[in-house]
Amino acid sequence: MSILAHKNTKLLVQGITGNEGLFHSQQMFQYKTNIVAGVSPGKGGEWVLDGKIPVFDSVRSAVEMTGADASVIFVPARYCADAIYEAVDADIPLVVCITEGVPVQDMMRVKRFLAHKKTRIIGPNCPGILTPGETKIGIIPGNITFPGNVGVISRSGTLTYEVLYALKQADRGVSTCIGIGGDPIKGVGFVELLEMFEADAQTDQIVMIGEIGGNEEEAAAEYISRYVTKPVVAFIAGVTAPPGKRMGHAGAIIEGKEGTAQEKIKTLEASGIRVAQHPEQIPSLLA
Amino acid sequence: MSILAHKNTKLLVQGITGNEGLFHSQQMFQYKTNIVAGVSPGKGGEWVLDGKIPVFDSVRSAVEMTGADASVIFVPARYCADAIYEAVDADIPLVVCITEGVPVQDMMRVKRFLAHKKTRIIGPNCPGILTPGETKIGIIPGNITFPGNVGVISRSGTLTYEVLYALKQADRGVSTCIGIGGDPIKGVGFVELLEMFEADAQTDQIVMIGEIGGNEEEAAAEYISRYVTKPVVAFIAGVTAPPGKRMGHAGAIIEGKEGTAQEKIKTLEASGIRVAQHPEQIPSLLA
Amino acid sequence: MKLQEYQSKQIFARYGIPIPKGRIAGTSSEVKLIAEELGGRVVVKSQVLVGGRGKAGGIRLAKTPEEAQEFATAILGMEIKGLPVRKVLVDEAVSITKEFYIGIVNDRVHQMPVLIASGAGGMDIEEVAQKNPEKIIRIHIDPLLGLCDFQMRNAAIGIDLPRGLWKSFIEVIKGLWKAYVDCDATLAEINPLVINSENHLVALDAKVIIDDNSLFRHSDLGDLRDMDSDEPAEIEARKFGVTFIKMNGNIGCMVNGAGLAMATMDILNLFGGEAANFLDIGGGATSEKVAASLKIILSDHKVKSIFINIFGGITRCDEVAKGILLASNDLKIKIPMVVRLIGTNQAEGQQILQNANFTSADTLAQAAQLAVSLAKGKKS
Amino acid sequence: MKLQEYQSKQIFARYGIPIPKGRIAGTSSEVKLIAEELGGRVVVKSQVLVGGRGKAGGIRLAKTPEEAQEFATAILGMEIKGLPVRKVLVDEAVSITKEFYIGIVNDRVHQMPVLIASGAGGMDIEEVAQKNPEKIIRIHIDPLLGLCDFQMRNAAIGIDLPRGLWKSFIEVIKGLWKAYVDCDATLAEINPLVINSENHLVALDAKVIIDDNSLFRHSDLGDLRDMDSDEPAEIEARKFGVTFIKMNGNIGCMVNGAGLAMATMDILNLFGGEAANFLDIGGGATSEKVAASLKIILSDHKVKSIFINIFGGITRCDEVAKGILLASNDLKIKIPMVVRLIGTNQAEGQQILQNANFTSADTLAQAAQLAVSLAKGKKS
């Protein structure tokens with residue numbers, strides 16, 4: 001098994017006719033992701049990907065016609081919150097939001113709105129989900145990893161690829177890799193995914209990639225020490241980041257004393273988690 | 001026992017220094033309701049009811065100091081939604097809102113906000129709760145009923161008193177009487193209270209007083225036929241109300257074909273519920 | 001509080017909703033001038049707060065200013081469903097290629113606002129709702145989140161609006177939603193919203209109902225209340241915070257609380273009588289309010305008996321009794337009255353009335369039967 | 001995007017928050033005129049986007065217009081924490097009887113805005129938060145419901161505000177909340193909010209930070225960006241959608257993605273080197289963007305080696321390779337470069353660079369070690 005997404009996941013692409021949406025839909029299609037529909041308001045009735053995928057005007061009609069049970073969002077930042085609301089309204093259980101640059105207040109409202117809804121959001125500003133050999137929802141390159149028993153969770157984008165690549169070089173495969181995104185307000189976080197990996201039969205160990213800012217790694221450390229029996233290896237980026245400097249990443253602002261890489265590494269190690277010094281060291285720390 | 005409120009309920013009065021708040025606090029106090037505090041922003045530190053009840057500036061501080069676990073709201077309509085939010089924020093489990101004339105859109109926002117919160121709201125525009133011999137939260141006259149085994153639920157105010165009085169004349173006592181209010185958007189409705197009365201050991205039968213407008217009586221009829229084993233007697237006001245005429249009661253607008261008294265009576269009787277022709281006939285229909 | 005069409009249109013225009021050029025007029029000569037300004041072809045629309053104005057001849061299309069004046073003369077002399085027409089709206093004529101219905105209303109069952117849209121605009125929307133419910137799009141709106149873009153697109157899709165008009169349609173609905181929220185409306189409706197011959201959307205008719213409970217925060221809107229649409233007695237009652245609605249019977253009623261007032265009318269009916277009115281004096285009625293209410297009841301000369309049924313909670317029976325005495329002395333009331341006072345300060349109230357000459361009754365049923373027989377001319 | 005004090009005050013004033021009378025000036029003679037208008041006693045405040053202006057002598061109280069001019073001359077010639085002062089705000093002097101702190105900020109841990117208030121205003125609020133956390137009131141705001149009246153009262157209670165000022169305090173916070181929402185702020189702060197000698201509240205200082213992600217809907221606010229506060233290289237980078245931050249080392253970095261860029265700097269550090277900059281070219285970088293980034297890196301003459309680490313996802317390695325070729329031809333780059341291209345179109349990218357003379361490396365560790373040793377002057 002895997003977590004969140006597998007080969008039977010029926011994927012809808014919101015913003016499928018945009019440049020990025022189309023390019024990555026092609027990539028996902030080539031990975032044999034089961035894309036069942038696209039949505040692009042005003043372009044319903046068209047077909048994309050060599051006439052194989054129908055485009056709908058609304059998520060609701062796409063879901064009604066195709067039974068899609070996951071959605072990936074590529075719409076521009078200004079339309080992103082609305083795209084999420086539309087997916088939630090159509091009761092899609094999993095929504096992966098790739099879009100970067102979503103205003104923070106939009107995401108705060110989205111988060112509040114999501115309370116007690118059935119929908120789980122990954123992102124925004126994230127690379128998405130890759131279950132190697134089964135499905136790719138988002139933009140994680142498919143050829144840099146293969147099926148295996150390591151679960152990967154990351155707040156970063158390209159740094160995640162670096163880690164997957166390092167794992168591949170060390171001949172370690174992955175059950176599912178999830179980039180949760182680096183924005184300060186986002187959907188699913190480390191703890192929820194740790195819980196899923198702990199319960200997943202295919203996953204034997206977990207790699208967690210964090211960075212400066214916020215307190216998610218600290219919360220994860222506490223959760224791991226209490227509830228996670230599988231080995232966890234962590235890496236934290238930003239040891240040399242100057243405090244208070246914005247790193248082009250809303251997630252990378254240091255708040256108060258908390259949130260420095262040093263603090264996070266200390267907390268993780270105090271909870272018995274092995275922390276790698278650089279990404280390529282991660283495979284050697286795995287069990 | 002009783003439902004919702006009993007002699008140990010610690011009551012807070014929001015708007016205790018206003019005319020109505022003070023008058024009815026006196027009445028409740030005389031009924032031996034366990035009033036522990038009042039709230040009146042800007043008057044914290046004063047004492048009312050012959051120096052027996054302390055006044056606080058905020059609900060939060062009143063709850064912290066007195067452990068109040070119910071609140072009754074007498075503030076003017078324009079401040080009512082805020083008073084409810086304040087009570088919810090302080091995690092008070094039961095809030096009874098007597099205020100009439102609360103804007104409908106205010107109450108729609110309140111209702112949406114309340115989803116998944118711990119607080120239960122009765123009202124607005126309601127006479128409140130009376131558990132005879134134990135506690136009175138609101139404005140139902142205490143001397144027109146006495147403890148017994150009949151549970152009373154009503155959308156009306158003074159019509160409820162009429163029914164209580166008729167029950168008393170027929171020597172029938174009451175477990176708890178709840179006026180849920182006649183506004184189109186309100187807190188707790190018939191169905192939730194029917195469930196509580198069904199589970200309450202003291203209550204052997206139930207009187208339900210409805211009126212034209214909405215579909216609450218219809219929903220209650222369906223619920224009763226499925227889940228309520230105790231005998232229910234109903235009365236519906238508004239048989240002679242002209243369709244479409246506003247009766248000075250937001251609850252009394254007839255919408256479409258539904259909501260006429262005739263329709264409601266038909267539905268109730270079809271569900272095996274005895275419906276009284278006038279309020280004083282109710283006692284004779286009880287088991 | 002229902003607003004007139006022209007008032008509703010003024011509000012909509014403030015929210016960017018396109019409306020026809022037009023002005024309000026009280027005389028036919030003004031109508032002619034306006035029609036000339038607007039280029040001749042105009043629609044003269046009676047401004048009364050009832051439906052079916054068109055069928056009653058209250059809406060006429062004029063081809064020339066002279067015709068407009070002629071129609072205005074006729075319409076300004078009309079009564080529609082009992083209401084005199086005192087004003088007409090003169091709108092430029094719009095050539096229509098398609099009609100839609102859109103409206104936002106409070107849905108009490110779902111406890112939130114609902115956007116209603118239909119491709120079958122212009123017709124009786126309630127009839128469409130009954131016969132072809134699938135032609136009505138219903139989209140519920142989260143009152144905290146507000147109306148979302150995707151919901152507006154779904155409405156456009158649902159009514160088969162041409163794609164080229166989606167953008168302006170969404171602007172119209174956004175304006176409608178904002179008007180609904182800002183004005184505390186219980187209804188904000190455009191029927192029909194049309195596509196004109198230049199392929200633009202125009203709101204040809206407009207209806208807004210304001211939540212009376214919200215008027216404390218809309219002092220500007222309160223002034224828009226159209227007194228012509230109400231019975232003079234209802235207007236008088238409102239001044240005192242009393243709700244009065246005229247009915248067809250001959251037993252005047254004064255009751256505290258809407259539910260009890262309805263139950264009182266119902267029981268009169270049950271015993272063969274008929275109420276002359278619904279009258280709710282509200283909670284905490286003062287003796288002045290009681291006296292004013294009696295005066296209003298007596299303004300209906302059909303009234304043969306009066307039934308006062310007060311169950312005191314907030315209302316104190318002694319206050320009510322004082323008001324009754326005050327009014328019956330002032331007005332020298334000859335019509336027989338049945339008075340029933342129960343609840344808060346019941347003893348004091350009954351004491352006050354004891355010395356005066358009122359018929360009293362213990363039970364509601366007895367009191368109602370008495371009132372019915374007194375209305376039929378029997379002595380008490 | 002941080003706004004200057006005077007810009008923040010202008011925004012607050014639009015939301016009804018009382019600010020001192022004042023104007024912005026760029027020369028000391030203007031300052032004298034403004035001081036005369038304001039009645040002589042003024043505060044001359046340097047407008048630079050750093051904290052500690054007061055300690056640095058960048059805020060001075062002048063008793064006369066002449067003194068104001070004199071102070072302005074001094075302040076307008078200053079640099080504060082490396083930033084030149086080009087403008088001063090001249091505010092009427094306010095006599096202070098009490099100071100408070102109020103601010104609304106995004107709380108990422110609770111995922112909602114939080115209202116922060118303290119009776120210990122004027123001082124370093126972060127120090128207060130650390131040493132006397134009980135003196136800081138934190139009130140979380142539901143982002144759908146908004147800030148409620150009771151929460152503002154709770155803030156007033158929490159900071160022991162005299163009751164007579166509650167009403168105007170609530171108006172100030174309402175304005176602050178509305179400004180925060182309307183401007184998509186991540187921070188909206190008044191420190192200090194003071195009670196003046198006439199017992200009125202006045203916002204003596206103001207700070208607003210706008211969410212950069214929201215600027216697409218605030219075209220007016222985008223113009224307020226103060227270019228003086230940033231490194232010229234950072235400004236240049238922003239033009240190309242590249243994030244650049246100058247650091248102290250000598251290894252120029254170009255990376256895609258903030259996380260990977262930080263990890264790249266970290267690994268240089270791990271192997272004894274130090275990055276000259278943080279540079280994130282973002283997703284889907286074009287060859288023009290890559291070339292511009294190289295130019296920016298080279299504008300720092302301390303740079304001894306360049307480390308390009310690209311892991312292609314959205315970014316395509318062939319595009320990056322083209323950009324590198326373009327720039328190295330254009331600029332005739334002599335500084336040694338280590339290039340690592342992995343991911344989307346990796347083969348094509350490596351193909352393009354194969355013929356040119358770049359040092360390549362397979363692993364991140366190898367590449368980093370190479371870059372470090374090249375910076376130390378060793379041959380590759």
dist Thr344(D):OG1 -> Gln27(A):CD (nearest 0.5 Å) comes out at 6.0 Å

Separation between CG (Asp106(A)) and CG (Asp184(D)), nearest 0.5 Å, reads 6.5 Å

Bottom line for Val181(D): the part with an atom under 4.5 Å from chain A's heavy atoms is both

With a cut-off of 6.0 Å (strictly less than), are more than 12 heavy atoms of other residues, nucleotides or ligands near NZ of Lys168(A)? yes

Within 6.0 angstrom of Tyr79(A) OH, more than 12 heavy atoms from elsewhere: no

Open item on the list: If you count every heavy atom of other residues, nucleotides or ligands that lies below 6.0 Å from Lys32(A) atom NZ, does the total exceed 12?
Closed with: no

Applied to residues 261-277 of chain D, the side chain to side chain donor-acceptor pair (under 3.5 Å) test, sequence neighbours excluded, yields Thr240(A)-Asp266(D), Thr264(D)-Asn309(D)

So CG of Asp183(A) and CG of Asn213(D): to nearest 0.5 Å the spacing works out to 6.5 Å

Correct closest heavy-atom pair for Gln111(D) and Lys111(A) would be OE1-CE, 2.6 Å

CZ of Arg108(D) to NZ of Lys186(A), rounded to nearest 0.5 Å, is 6.0 Å

Interatomic distance, CZ@Phe23(A) vs CZ@Arg316(D), rounded to 0.5 Å, equals 4.0 Å

Whatever's closer than 4.5 Å to a heavy atom in chain D on Val102(A) counts as backbone

Heaviest contributor of heavy-atom pairs below 4.5 Å to chain A, chosen from Ala261(D), Gly282(D), Pro113(D), Gly343(D), is Pro113(D)

When the 4.5 angstrom heavy-atom criterion is applied to Glu216(A) and chain D, the contacting part is neither

Chain A shares the most heavy-atom pairs under 4.5 Å, among Ile267(D), Ile342(D), Leu144(D), with Leu144(D)

Rounded to the nearest 0.5 angstrom, the CD-CD1 distance for Gln346(D) and Ile144(A) is 9.5 Å

Test log, rule side chain to side chain contact (heavy atoms under 4.5 Å, CB included), inputs Leu364(D) and Glu162(A)
CA-CA 8 Å; Leu364(D) 176 58; Glu162(A) 191 76 60; 3.9 Å; yes

Chain A shares the most heavy-atom pairs under 4.5 Å, among Phe244(D), Phe216(D), Phe311(D), with Phe311(D)

Bottom line for Asp211(D): the part with an atom under 4.5 Å from chain A's heavy atoms is side chain

**Asked** Can any side-chain N or O of Ser214(D) pair as donor or acceptor with the backbone N or O of Pro103(A) at less than 3.5 Å?
**Response** no

Heaviest contributor of heavy-atom pairs below 4.5 Å to chain D, chosen from Gln277(A), His278(A), Arg112(A), is Arg112(A)

| message | Heavy-atom count check: over 12 atoms from other residues, nucleotides or ligands less than 6.0 Å from Lys289(D) NZ? | response | yes

Turns out that what part of Phe113(A) lies under 4.5 Å from chain D's heavy atoms comes down to both

In terms of heavy-atom contacts, does CG of Asp362(D) have more than 12 from other residues, nucleotides or ligands at under 6.0 Å?
no

Under 4.5 Å to a heavy atom of chain A? For Tyr180(D) that would be both

Honestly, the part of Ile236(A) sitting under 4.5 Å from a heavy atom of chain D is backbone

Between Ala237(A) and Ala263(D), the two heavy atoms sitting closest are CB-N, 4.1 Å

- prompt: Is it true that a side-chain atom of Gln105(A) and a backbone atom of Ala185(D) form a donor plus acceptor pair closer than 3.5 Å?
  reply: yes

Over 12 non-hydrogen atoms of neighbours within 6.0 angstrom of CD in Glu280(A) | yes

Met262(D) and Ile212(A): CA distance, side-chain angles, deciding distance, side chain to side chain contact (heavy atoms under 4.5 Å, CB included) verdict | CA-CA 9 Å; Met262(D) 288 192 285; Ile212(A) 52 170; 3.7 Å; yes

Looking only at Ile140(A), Val163(A), Ile139(A), Ile98(A), most heavy-atom pairs under 4.5 Å shared with chain D are made by Ile139(A)

Cut-off 4.5 Å, heavy atoms of chain D, and the answer for Glu20(A) is side chain

**Prompt:** Do the side chains of Gln281(A) and Leu270(D) get nearer than 4.5 Å, heavy atoms only?
**Reply:** no

Okay, Ile185(A) and chain D: the region with an atom under 4.5 Å from a heavy atom over there is both

